[in-house]
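Reading through the structure tokens given below for one structure.
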Amino acid sequence: MPRAALSETMIDAVSKRLRLLGEPQRLRILQSLDNGERTVTEIVEATGASQPNISKHLHALSEAGVVARRRDGNNVYYSLADQTVFRVFELVWKSAAPRGRGRR
């Protein structure tokens, strides 16, 4: 059964979201948030990236509504705001993994 055609608006929105999630460092950040909220310092420690780099990616993820932020005193805590990203990751992994077997 054929799928309904995507509107130009839908194509643009999907393309934008896939570009956002296509950055490996952003995937590492999201993975670090999978078990709960963290500060930038904790995300830096979990990913091994620099603080300015993490802050830049967190800003993009926050603007897109993928992560949420809350301030508590001097600390800013980040958490996942859109749990569907992990379903997207799993679907992509399932479709890509068979092609990647045996390659390094």
Side-chain angles (χ1 to χ4, degrees):
M1 179 178 195
R3 296 183 193 274
L6 298 173
S7 70
E8 286 301 313
T9 301
M10 291 169 73
I11 288 171
D12 289 344
V14 169
S15 177
K16 185 176 181 179
R17 181 57 54 110
L18 290 175
R19 279 194 309 273
L20 177 79
L21 298 176
E23 168 60 49
Q25 193 62 266
R26 292 181 185 156
L27 301 182
R28 290 181 192 99
I29 291 168
L30 294 172
Q31 184 173 328
S32 77
L33 296 173
D34 194 27
N35 291 325
E37 66 180 12
R38 290 179 179 240
T39 63
V40 172
T41 301
E42 292 169 328
I43 297 168
V44 165
E45 291 171 3
T47 62
S50 69
Q51 184 274 324
N53 183 267
I54 293 299
S55 292
K56 174 186 77 166
H57 289 299
L58 283 169
H59 177 76
L61 291 165
S62 178
E63 286 290 312
V66 176
V67 298
R69 53 179 283 167
R70 80 173 173 86
R71 182 172 291 281
D72 184 12
N74 290 332
N75 292 316
V76 176
Y77 291 89
Y78 290 88
S79 61
L80 289 174
D82 181 357
Q83 296 288 330
T84 63
V85 295
F86 285 104
R87 288 194 308 203
V88 171
F89 299 159
E90 289 169 11
L91 288 171
V92 171
W93 172 248
K94 285 178 183 175
S95 76
R99 292 184 197 102
R101 288 189 184 130
R103 287 192 276 165
R104 292 201 173 226

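Quick note: numbers below take in every heavy atom, side chains included, and nothing from hydrogens, waters or symmetry partners.
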Distance check, rounded to the nearest 0.5 Å: Thr39 atom OG1 versus Glu45 atom CD? 7.5 Å

Tell me whether the count of non-hydrogen atoms from other residues, nucleotides or ligands lying under 6.0 Å of CD in Glu23 goes above 12. yes

Kindly work out whether a path of hydrophobic side-chain contacts (I/L/V/M/F/W/Y, heavy atoms less than 4.5 Å apart) joins Val92 to Leu20. no

Pair Gln51-Ser55, side-chain donor/acceptor within less than 3.5 Å: yes

Run the side chain to side chain donor-acceptor pair (under 3.5 Å) check on Arg19 and Ser15 step by step: do they pass? CA-CA 6 Å; Arg19 279 194 309 273; Ser15 177; 2.7 Å; yes

Would you confirm whether Ser32, through its side chain, and Ile29, through its main-chain N or O, come within 3.5 Å as a donor-acceptor pair? yes

According to the salt bridge (Lys or Arg N to Asp or Glu O under 4.0 Å) rule, which pairs have a member within residues 85-97, sequence neighbours left out? none

Could you tell me the separation between the CG atom of Leu6 and the CG atom of Asp12, rounded to the nearest 0.5 Å? 10.5 Å

Count I, L, V, M, F, W, Y as connected when their side-chain heavy atoms are under 4.5 Å apart, and connections chain through other members. Are Tyr77 and Val67 then in the same cluster? no

Check whether any side-chain heavy atom of Asn75 sits under 4.5 Å from a side-chain heavy atom of Thr41, and report yes or no. no

Shared ILVMFWY cluster between Phe86 and Tyr78, side chains joined below 4.5 angstrom? yes

I need the Leu27 CG to Leu61 CG distance, nearest 0.5 Å. 9.0 Å

Would you name the heavy atoms of Ala64 and Arg17 that are closest together and state the gap between them? O-NH2, 2.9 Å

Indicate, with yes or no, if Val76 and Ile43 share a hydrophobic cluster defined by side-chain heavy-atom contacts under 4.5 Å among Ile, Leu, Val, Met, Phe, Trp and Tyr. yes

Quick one: does His57's side chain get under 4.5 Å of Ile54's, heavy atoms only? no

Closest approach of Gln25 to Asn53 (non-hydrogen atoms, all atoms of both residues): CG-OD1, 3.4 Å

Is there a path of hydrophobic side-chain contacts, each under 4.5 Å between heavy atoms of I/L/V/M/F/W/Y residues, joining Leu18 to Val66? no

For Arg38, look at atom CZ and say whether over 12 heavy atoms of other residues, nucleotides or ligands are found less than 6.0 Å away. yes

